[in-house]
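Fair warning: this is a prediction, and the values are worked out from it, not measured in the lab.
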Amino acid sequence: MKIGIVGAGIAGPTLAYWLARYGHEPTLIEKAPRLRTGGYVVDFWGGGYAVAERMGLTAELHAAGYEVREVRLVDRNSRRAGGFSTEPFRRNLDGRFTTVPRGDLSALIYRSIEDHTETLFGESVSAVEQHDSGVRVTLEGGGSRHFDLFIGAGGIHCPVRGLVFGPQNRFERDLGYRVAAFETEGYQPRDELVYLAYTMPGRMIARFAMRDEKTMFLFIFTPDHMSDPDPKDGPEAKATLHQVFGNAGWECPEILRHLDGASDVYFDRTSQIVMDRWSDGRVALIGDAAAGVSLLAGEGTGLAMAEAYTLAGELNRAGADHQDAFRRYEGKLRPIVEARQRSARAFATTFAPKTALGLWTRNQASRLLNIPRLADWVVRSEFRDDIPIPEYVA
């Protein structure tokens with residue numbers, strides 16, 4: 001089948017890889033003029049890691065990733081306020097765990113398909129028309145394409161969901177935080193292989209040293225610290241971050257100076273997508289487009305890869321009955337996704353506790369993870385690999 005896929009992030013290229021393995025002809029449609037880079041680093045394990053193994057990507061994954069040694073929480077004077085070693089994660093996950101920049105993961109997945117998969121960069125979809133034999137897609141750049149099936153993998157703001165299922169506000173659940181990220185070169189200090197975070201009530205800023213003298217910064221904060229609506233572009237995002245963190249102390253003056261020189265700033269709401277169905281006729285959604293769990297959930301990237309792998313496998317297993325494949329795909333993954341969404345809603349305040357008492361409690365609780373037996377129990381119970389990764393025959 002000819003299958004169109006909107007979105008060349010994580011889920012889209014993973015789906016294209018497996019569809020091509022099963023003999024289908026995928027086409028990626030991506031609004032950006034080139035593959036997106038930047039963003040934030042993600043911890044990668046579990047179901048997504050298993051899919052990467054089956055794609056033969058683990059060597060490249062670890063080469064691109066970082067073996068973080070410590071999560072360190074500090075006060076405004078850079079004194080340790082909490083944190084824990086990451087060794088229990090590697091020990092209990094059998095080494096199948098790494099921390100990787102999201103843009104680097106996207107790039108290595110895309111490299112595995114770019115020589116044999118058509119990609120329309122700098123292109124968007126303006127209309128989707130379904131009929132008995134397929135889907136006609138109108139492109140904003142002009143012209144149209146006809147596909148047997150059409151898949152939305154364009155993230156939280158996926159245009160396919162809006163065109164086929166309804167407006168964003170019907171499905172988006174704002175978790176009450178904003179997130180921003182950027183990279184810079186030459187920042188000091190570095191604290192190699194340490195994920196270091198400074199938190200005030202309702203505001204958190206973290207840094208992580210990467211290769212080539214680069215440092216990634218992540219901001220999470222409650223919107224009540226903003227006087228203006230969510231920013232619409234990079235300059236507005238920078239102005240918002242200056243407003244929210246300009247009086248925060250710690251290293252913030254130097255961080256904001258580097259922010260001013262950054263060419264790319266990521267900024268978004270921390271939201272979830274909650275839908276009662278992930279498909280409509282010949283159109284289906286995967287990844288954050290179908291059921292975004294949010295950055296606060298952890299393993300969202302792995303979920304996206306598991307969903308792509310499962311959808312491709314079910315389409316291959318079902319033959320011409322795409323509706324049966326869509327049902328099986330959703331049936332396998334919806335319970336896992338909904339559990340992750342519930343967990344994220346409960347866990348959200350640990351990133352940027354809204355009160356001084358909440359911040360103190362979070363810091364003290366983090367210290368308990370330095371007790372080996374307790375840390376092992378937490379990792380085994382909270383980070384267990386419960387994403388089903390079936391065996392499909394190519």
Any salt bridge between [X] and [Y], counting N to O under 4.0 Å?
{"X": "Glu87", "Y": "Arg69", "answer": "no"}
{"X": "Arg76", "Y": "Glu251", "answer": "no"}
{"X": "Glu114", "Y": "Arg111", "answer": "no"}

With ring centroids as reference points, do Phe182 and Tyr266 lie under 6.0 angstrom apart?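 Ring centroids of Phe182 and Tyr266 are no less than 6.0 Å from each other.
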Aromatic contact between Tyr66 and Phe208, with the criterion being ring centroids under 6.0 Å apart: yes or no? yes
[atom2] on [Y] to [atom1] on [X], rounded to 0.5 Å:
{"X": "Leu149", "Y": "Ile5", "atom1": "CG", "atom2": "CD1", "value": "10.0 Å"}
{"X": "Asp230", "Y": "Met226", "atom1": "CG", "atom2": "CE", "value": "4.5 Å"}
{"X": "Ser294", "Y": "Gln272", "atom1": "OG", "atom2": "CD", "value": "5.0 Å"}
{"X": "Tyr187", "Y": "Met210", "atom1": "OH", "atom2": "CE", "value": "14.0 Å"}
{"X": "Leu196", "Y": "Arg207", "atom1": "CG", "atom2": "CZ", "value": "4.5 Å"}
{"X": "Leu15", "Y": "Ile3", "atom1": "CG", "atom2": "CD1", "value": "7.0 Å"}

Starting from the C-alpha separation in whole Å, work towards a yes-or-no answer on salt bridge (charged side-chain N to carboxylate O under 4.0 Å, His left out) for Asp228 and Lys232. CA-CA 11 Å; Asp228 298 318; Lys232 300 180 181 64; over 6 Å; no
Closest non-hydrogen atom pair between [X] and [Y], with its separation:
{"X": "Ala291", "Y": "Val337", "value": "CB-CG1, 3.2 Å"}
{"X": "Val68", "Y": "Leu193", "value": "CG1-O, 3.6 Å"}
{"X": "Ile156", "Y": "Ser271", "value": "CD1-O, 3.8 Å"}
{"X": "Tyr309", "Y": "Arg54", "value": "OH-NH1, 2.5 Å"}
{"X": "Ala107", "Y": "Leu35", "value": "CA-CD2, 3.5 Å"}
{"X": "Pro33", "Y": "Phe121", "value": "O-CB, 3.4 Å"}

Do [X] and [Y] land in one hydrophobic cluster if side-chain heavy atoms of ILVMFWY residues count as linked below 4.5 Å?
{"X": "Val135", "Y": "Val6", "answer": "yes"}
{"X": "Leu303", "Y": "Ile389", "answer": "yes"}
{"X": "Leu28", "Y": "Ile109", "answer": "yes"}
{"X": "Ile205", "Y": "Leu359", "answer": "no"}

Is the closest side-chain heavy-atom distance between Trp18 and Asn316 below 4.5 Å?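 They are not in contact (no side-chain heavy atoms under 4.5 Å apart), so the answer is no.
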Counterpart residues, side-chain hydrogen bond (donor to acceptor under 3.5 Å, both in side chains), relative to Thr119 (two or more places apart):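 With neighbours one apart ignored, the set is Tyr110.
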Tell me, please, which residues at least two apart from Phe97 pass ring pair (Phe, Tyr, Trp, His ring centres under 6.0 Å).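 Ring pair (Phe, Tyr, Trp, His ring centres under 6.0 Å) check on Phe97 returns Phe89.
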Which residue pairs satisfy the side chain to side chain donor-acceptor pair (under 3.5 Å) criterion with at least one member in [range], sequence neighbours excluded?
{"range": "residues 348-366", "result": "Thr199-Arg362"}
{"range": "residues 319-338", "result": "Glu314-Lys332, Asp324-Arg328, Glu330-Arg334, Arg334-Glu338"}
{"range": "residues 133-161", "result": "Glu118-Arg145, His131-Ser133, His131-His146, Arg136-Ser144, His157-Gln168, His157-Asp268, Arg161-Gln168"}

Without swapping roles, check the side chain of [X] against the backbone of [Y] for a donor-acceptor pair under 3.5 Å.
{"X": "Asn370", "Y": "Gly83", "result": "yes"}
{"X": "Asp212", "Y": "Lys214", "result": "no"}
{"X": "Arg340", "Y": "Pro335", "result": "no"}
{"X": "Arg277", "Y": "Ser279", "result": "yes"}
{"X": "Lys238", "Y": "Ala262", "result": "yes"}
{"X": "Thr270", "Y": "Tyr177", "result": "yes"}
{"X": "Glu307", "Y": "Leu285", "result": "no"}

Under the salt bridge (Lys or Arg N to Asp or Glu O under 4.0 Å) test, which residues partner Glu236, sequence neighbours left out?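 For Glu236, no residue satisfies salt bridge (Lys or Arg N to Asp or Glu O under 4.0 Å) once neighbours in sequence are set aside.
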Please enumerate all residues that pass salt bridge (Lys or Arg N to Asp or Glu O under 4.0 Å) together with Arg72, with sequence neighbours excluded.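 By the salt bridge (Lys or Arg N to Asp or Glu O under 4.0 Å) rule, Arg72 matches Glu70, Asp191.
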Can I get a per-line list of side-chain donor-acceptor pairs under 3.5 Å for residues 371-379, giving both atom names and the distance, sequence neighbours left out?
residue: Asp376; atom: OD1; partner: Arg91; partner atom: NE; Å: 3.3
residue: Asp376; atom: OD1; partner: Arg91; partner atom: NH2; Å: 2.6
residue: Asp376; atom: OD1; partner: Asn92; partner atom: ND2; Å: 2.8

According to side-chain contact (heavy atoms from CB on, under 4.5 Å), who are the partners of [X], at least two apart in sequence or on a separate chain?
{"X": "Gln188", "value": "Arg190, Glu213"}
{"X": "Glu53", "value": "Tyr49, Ala50, Thr58, Arg96"}
{"X": "Ala32", "value": "Glu30, Arg36"}
{"X": "Ala248", "value": "Met200, Arg203, Phe245, Cys252"}

With a 3.5 Å cut-off and no angle check, do the side chains of [X] and [Y] form a donor-acceptor pair?
{"X": "Thr98", "Y": "Glu67", "answer": "yes"}
{"X": "Arg102", "Y": "Ser106", "answer": "no"}
{"X": "Gln130", "Y": "Asp280", "answer": "yes"}
{"X": "Asp260", "Y": "His242", "answer": "yes"}

Could you walk me through whether Ser227 and Gln243 pass the side chain to side chain donor-acceptor pair (under 3.5 Å) check? CA-CA 8 Å; Ser227 61; Gln243 178 193 46; 2.3 Å; yes
